[in-house]
Engineer: 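Once you've had a glance at the structure underneath, I'll fire off some questions.
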Amino acid sequence: MTDTTNTPTQGIQLRHLAALDAGRFLIQHCADCGKHIYYPREVCPHCGSEALALVEPQGTGTVYAVTTVRRKLDAGGDLNVSLIDLIEGVRLMSRVDNLPPDQVKIGQRVKARVVVSDGKGLVLFDALEGGAA
Amino acid sequence: MSNSLKSLRGSAAIAGVATFGCGEAPGFTDMELLARAARAAVADAGLTMGDIDGLCTASVAATMWPMPVIEHLGLNPRYINGTMLGGSSFIAHLLPAMQALASGQCTAVLVCYGSAQRSGTFSRAEIARSRKFLDPQPYETPYEPMMPASAYALAASRHMHEFGTTRRDLAEVAVAARAWAQRNPEAFMRDPLSIDDVLKARMVSDPLSVRDCCLVTDGGGAFVLVSAERARDLPKKPVYVLGNATAVWNRQISSMPDLTVTGASQSGTEAYAMAGLAAKDIDVVELYDAFTINTLLFLEDLGFCKKGEGADFVRNGGIAPGGHLPVNTNGGGLSCVHPGMYGIFALIEAVRQLRGEGGDRQVTGATTALAHGNGGTLSSQSTAILGTADAL
């Protein structure tokens with residue numbers, strides 16, 4: 001049996017999503033290569049290390065790519081889907097929630113917030129003043 | 001590039017190809033479409049099912065697909081490859097099959113696919129729902145992207161932002177594909193299509209309209225790969241595999257390092273190196289055009305133009321009949337056929353062009369062709385360089 005002192009009893013996805021459901025948005029940081037990681041992994045995709053910690057990001061970022069999913073009104077209406085680059089250097093899919101979908105532009109500066117609904121947390125972003133960078 | 005890999009250049013040839021039920025084939029299952037295409041490809045090669053001792057196949061729905069295919073066709077293959085990389089799979093099956101042929105593990109490999117996704121009772125929506133459980137993407141699915149279209153729409157948005165590409169430029173790709181389809185009796189959509197038609201079509205996931213998206217059709221496709229030596233004794237003009245390489249950089253669009261550069265830049269470089277050819281040496285090009293943005297990205301990543309210049313390249317009918325490069329001469333996934341995974345159909349069209357079987361759409365004197373497959377959401381890329389005996 002290997003030393004399990006530092007081995008968590010649950011996988012990273014369950015731990016990460018449990019924090020999200022409690023209203024906390026966390027990303028990973030690798031102690032060996034110094035890079036941030038998202039989505040969370042068991043092993044650093046940059047250097048193979050297991051020395052990964054869940055850390056709180058600053059929460060600010062920029063819209064990297066954008067689309068409007070066209071849906072009928074009874075299916076929820078048009079929906080923004082964006083890829084957001086956080087200043088820590090990681091990218092995630094999300095939604096810019098405080099603008100009409102056709103107003104979300106690449107380069108828009110955004111700030112993360114967690115919305116918990118029916119016990120499930122979701123990371124959304126709000127546009128910051130100043131428009132596109 | 002290792003010497004042993006280079007020594008495989010031209011070692012195998014495609015001796016038979018066939019399609020079956022392309023467009024609408026109500027009443028047929030995936031397997032039945034596959035079996036009909038397989039039988040016809042084997043016959044086209046001048047062989048019988050009993051000669052087949054290698055099998056490559058993949059299915060969108062069934063994870064253990066080679067087994068029912070072996071059972072249905074009554075095969076006893078010594079070589080089996082069920083690698084599933086999405087739509088690029090059947091092009092990615094080439095190099096391992098060449099290695100199997102070179103080692104003597106087998107002597108005739110059947111590569112085959114069938115899908116009844118347009119007419120079938122098990123709909124695409126049901127497959128998408130099942131996949132949420134079998135292949136979860138918990139960091140994308142909650143945002144409700146309309147996959148796969150939204151992934152390609154995100155890539156298109158980035159290309160427009162960085163290089164000034166417009167929706168009109170994307171429409172050029174759809175219009176060129178339709179013009180080729182009008183010359184192909186097998187193509188599913190052959191009505192006239194204008195730039196304005198594409199721009200005014202129903203939006204799906206901005207900046208892509210429904211005419212920027214591939215068809216949803218039924219269809220089966222198959223080909224037979226044998227050693228170059230054996231191919232010369234078979235009835236059809238051999239089409240030699242000069243190079244093949246595959247690259248995967250990510251599964252999810254949110255994990256793609258740069259949405260304007262695909263793994264085709266790697267698979268293309270390696271396939272050209274194996275073939276000893278460059279983009280300028282290629283006579284006819286078949287690219288997996290699941291969405292109009294694909295064609296721009298792959299023209300750039302495969303070296304037909306510089307990064308960011310795809311829009312210039314396709315403008316004013318650049319890739320349409322009579323343009324400066326014949327691209328997607330069957331009408332592509334946009335206008336010819338797209339039964340879930342299109343890669344095998346791109347390869348079959350390349351073979352038909354090199355055989356001179358292109359009819360009204362034949363590219364005169366073509367001796368080299370490139371067929372490129374894409375899978376997932378710009379996730380897997382596989383490039384094949386093919387040639388006639390003149391290109392050996």
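What you see below is based on every heavy atom in this structure, not just the backbone, and it leaves out hydrogens, waters and symmetry mates. The model shown is predicted, which means the values in this text are computed figures rather than measured ones. All chains are named by letter (A, B, ...) in the order of the sequence lines, taking the proteins before the strands, and each is independently numbered beginning at 1.
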Engineer: Side chain, backbone, both or neither: which part of B:I253 has a heavy atom under 4.5 Å from chain A?
Structural biologist: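 It is both, since atoms from each part get that close.
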Engineer: Checking an interface table here. Which of residues 191-198 of chain B come within a heavy-atom distance under 4.5 Å of chain A?
Structural biologist: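 Listed by number: none.
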Engineer: Run the side-chain contact (heavy atoms from CB on, under 4.5 Å) check on B:M146 and A:V81 step by step: do they pass?
Structural biologist: CA-CA 9 Å; B:M146 188 189 296; A:V81 173; over 6 Å; no
Engineer: Flag yes if more than 12 heavy atoms outside B:R315 fall under 6.0 Å of its CZ atom; otherwise flag no.
Structural biologist: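 Yes.
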Engineer: Between chain B and chain A, identify all donor-acceptor pairs below 3.5 angstrom, including backbone and side-chain atoms.
Structural biologist:
from   : atom 1 : to     : atom 2 : distance (Å)
B:Y139 : OH     : A:H16  : ND1    : 2.8
B:Y143 : OH     : A:V123 : N      : 3.4
B:Y143 : OH     : A:V123 : O      : 2.6
B:E144 : OE1    : A:R71  : NH1    : 3.0
B:S157 : OG     : A:V66  : N      : 3.0
B:S157 : OG     : A:V66  : O      : 3.2
B:R158 : NH1    : A:Y64  : O      : 2.7
B:V204 : O      : A:R70  : N      : 3.0
B:S205 : OG     : A:T67  : OG1    : 2.7
B:D206 : N      : A:T67  : OG1    : 3.3
B:D206 : N      : A:T68  : O      : 3.0
B:D206 : O      : A:T67  : OG1    : 2.5
B:D206 : OD1    : A:R70  : NE     : 2.6
B:D206 : OD1    : A:R70  : NH2    : 3.3
B:D206 : OD2    : A:R70  : NH2    : 2.9
B:M256 : O      : A:R91  : NH1    : 2.8
B:P257 : O      : A:R91  : NH1    : 3.3
B:L259 : N      : A:Y64  : OH     : 2.9

Engineer: At a 4.5 Å cut-off on heavy atoms, which part of A:V90 comes close to chain B: side chain, backbone, both, or neither?
Structural biologist: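 A:V90 has no heavy atom closer than 4.5 Å to chain B.
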Engineer: Checking B:M160 against chain A: side chain, backbone, both or neither under 4.5 Å from a heavy atom?
Structural biologist: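 For B:M160, there is no contact with chain A at all, as no heavy atom is under 4.5 Å.
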Engineer: Looking at A:L79, A:V69, A:L124, A:L17, which makes the most heavy-atom pairs under 4.5 Å with chain B?
Structural biologist: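 Of the options given, most contacts go to A:V69.
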Engineer: Between B:P257 and chain A, which part of the residue has a heavy atom less than 4.5 Å away: side chain, backbone, both or neither?
Structural biologist: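 It is the backbone, since no side chain atom gets that close.
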